[in-house]
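Here is the structure we will look at.
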Amino acid sequence: QVQLVESGGGLVQAGGSLRLSCAASGRTFSSYSMGWFRQAPGKERESVAGISWSGDKTYYADSVKGRFSISRDNAKNTAYLQMNNVIPEDTAVYYCAAARTPYYGGSAGGYDYWGQGTQVTVSS
């Protein structure tokens with residue numbers, strides 16, 4: 001199993017930047033694909049981005065393409081989500097997730113482990 005802890009959320013003005021981190025426990029972090037999801041109040045959880053275990057393949061939801069960037073550092077057991085040029089619609093609780101399979105796409109069902117989430121609020 002792997003335990004995931006997100007950090008880096010907070011309040012940011014529209015047009016600003018924020019970097020989220022997802023720290024994973026265990027020695028096999030490099031064998032997991034990782035993903036980021038978000039859930040705004042009253043809305044369903046939606047995918048944001050995903051990255052393969054090696055970091056050479058990524059996936060982005062259309063809503064964040066060109067603004068967000070997912071990366072990982074297997075030596076530090078940490079995945080990141082760099083959020084640039086944020087907009088109020090990015091306000092949500094952001095969750096990281098890990099998949100035991102090579103899946104790194106946008107379906108929540110493809111992931112096996114989830115963090116508790118970190119709040120991101122974008123002010124206009």
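Residues take their numbers from the sequence shown, with the count starting at 1.
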Taking the side chain as C-beta and beyond, is there a heavy-atom pair between [X] and [Y] under 4.5 Å?
X   : Y    : value
T91 : Q119 : yes
S71 : Y80  : yes
L20 : V120 : yes
Y94 : Q39  : no
L81 : S69  : no

Looking at [X] and [Y], what are the two nearest heavy atoms and their distance?
X    : Y    : result
S47  : A61  : O-CB, 3.5 Å
S33  : P102 : OG-O, 3.2 Å
N84  : S17  : OD1-OG, 3.0 Å
G110 : A99  : O-CB, 3.4 Å

With sequence neighbours left out, what residues match [X] under side-chain contact (heavy atoms from CB on, under 4.5 Å)?
X   : value
A98 : V2, L4, Y32, M34, Y113
S52 : S54, D56, K57, Y104
Q3  : S25
S7  : S21

By the disulfide (SG to SG under 2.5 Å) test, which pairs, at least two apart or in different chains, include something from residues 9-97?
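Counting only pairs at least two positions apart or across chains, the disulfide (SG to SG under 2.5 Å) contacts touching residues 9-97 are C22-C96.
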Please collect all salt bridge (charged side-chain N to carboxylate O under 4.0 Å, His left out) contacts where either partner lies in [range], sequence neighbours excluded, each pair once.
range            : result
residues 67-79   : R67-D90
residues 6-25    : none
residues 109-124 : R100-D112

Would you say I70 ends up clustered with Y95 if hydrophobic residues are merged whenever their side chains have heavy atoms under 4.5 Å apart, either directly or through other cluster members?
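No, it is not one cluster - the side chains of Y95 and I70 are not joined through contacts under 4.5 Å.
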V93 with Y111, same ILVMFWY side-chain cluster at under 4.5 Å
yes
Residues passing the ring pair (Phe, Tyr, Trp, His ring centres under 6.0 Å) test with F29, sequence neighbours excluded, are none
Results of side chain to side chain donor-acceptor pair (under 3.5 Å) for T101 - residues two or more places apart only
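None.
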Please round to the nearest 0.5 Å and tell me the distance separating atom CZ of R38 and atom CD of E44.
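Answer for the CZ-CD pair, R38 versus E44, is 14.0 Å.
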Taking transitive links into account, so neighbours of neighbours count too, which hydrophobic residues share a cluster with I87 at under 4.5 Å side-chain distance?
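Members other than I87 - counting any ILVMFWY side chain reachable under 4.5 Å - there are none.
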Between E46 and F37, does a side-chain contact (heavy atoms from CB on, under 4.5 Å) hold up when you go through it step by step?
CA-CA 6 Å; E46 64 175 0; F37 291 75; over 6 Å; no
Quick check against the 3.5 Å criterion: does T118 have a side-chain atom that pairs as donor or acceptor with the backbone of G9?
yes
Considering only residues two or more places apart or on different chains, which pairs with a residue in residues 41-71 satisfy ring pair (Phe, Tyr, Trp, His ring centres under 6.0 Å)?
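Ring pair (Phe, Tyr, Trp, His ring centres under 6.0 Å) check on residues 41-71 returns no pairs.
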With side-chain contact (heavy atoms from CB on, under 4.5 Å) as the test, would you mind laying out the steps for M83 and W36 before giving the verdict?
CA-CA 12 Å; M83 305 169 60; W36 285 96; over 6 Å; no
